[in-house]
Amino acid sequence: NEVNKVGEYMKKYPTTTAVIEGHTDNVGSSEHNMKLSQRRAENVVNYLTGKFGIDHSRLSAKGYGSTRSIAYNNTAEGRQKNRRINAIIDCVIEK
């Protein structure tokens, strides 16, 4: 549902651009998590372009692996919170 909100917003405001950030927990190697987080971000970009018709040039994907944790990785709940996507949306406001 949250990804759909991003798509609807970007469709409504065609001058917006976004960086889709992928994140993981710390289970597995750093190399694996970097690749996994990049694929996670790319999948969201592909979803937004496919479902909402957002031009691919308005989106970029960046994987961060487990380098930007928001919770401790020593519990299942913490690891779940770290497996996420962030959408950083850039808007131009005209006066």
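One is the number of the first residue; the rest follow in order along the sequence.
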Considering all heavy atoms, the nearest [X]-[Y] contact:
X	Y	value
Ser69	Asn73	OG-ND2, 3.5 Å
His56	Asn46	NE2-OD1, 4.1 Å
Ser37	Gly65	OG-N, 2.8 Å

With the 4.5 Å side-chain cut-off for hydrophobic clustering, are [X] and [Y] part of the same group?
X	Y	answer
Val45	Ile89	yes
Val6	Ile88	no
Val27	Tyr72	no

Open item on the list: Tell me whether the rings of Tyr47 and Phe52 are parallel (<30°), tilted (30 to 60°) or perpendicular (>60°).
Closed with: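 Geometry flag for Phe52 against Tyr47: perpendicular rings.
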
Rounded to the nearest 0.5 Å, what's the gap from [atom1] on [X] to [atom2] on [Y]? Could you check?
X	Y	atom1	atom2	result
Met34	Ser29	CE	OG	11.0 Å
Ile54	Thr17	CD1	OG1	11.5 Å
Asn43	Ile20	CG	CD1	11.5 Å
Lys35	Glu31	NZ	CD	4.0 Å

Less than 4.5 Å apart, any side-chain heavy atom of [X] and any of [Y]?
X	Y	result
Arg58	Thr16	yes
Val3	Ile85	no
Asn86	Arg84	yes
Asn82	Thr24	no

- [ ] Decide whether a cation-pi geometry holds between Lys11 and Tyr9; the criteria are a distance under 6.0 Å from NZ or CZ to the six-membered ring centre and an angle within 45° of the ring axis.
- [x]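 Lys11 over Tyr9 ring: no.
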
Open item on the list: Check this for me: does any side-chain nitrogen of one of Lys12 and Glu8 sit under 4.0 Å from a carboxylate oxygen of the other?
Closed with: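 Salt bridge between Lys12 and Glu8, a charged N being under 4.0 Å from a carboxylate O: no.
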
TODO: For the pair Glu21 and Arg68, find out whether any cationic side-chain nitrogen is under 4.0 Å from an anionic carboxylate oxygen.
DONE: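 Answer for the salt bridge query: yes.
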
TODO: Could you give me the CA-CA distance, side-chain angles and deciding distance for Asn33 and Asn26, then say whether side-chain hydrogen bond (donor to acceptor under 3.5 Å, both in side chains) is met?
DONE: CA-CA 7 Å; Asn33 284 331; Asn26 68 350; over 6 Å; no

Open item on the list: Go through it in stages, so that I can follow the logic: the residues are Leu59 and Met10, the test is side-chain contact (heavy atoms from CB on, under 4.5 Å), and I'd like the CA-CA distance, side-chain angles, deciding distance and then a yes or no.
Closed with: CA-CA 10 Å; Leu59 296 161; Met10 291 188 74; 3.7 Å; yes

Open item on the list: Keeping Arg83 on the side-chain end and Asp25 on the backbone end, is there a donor-acceptor pair under 3.5 Å?
Closed with: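 Judged by distance alone, no pair lies under 3.5 Å.
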
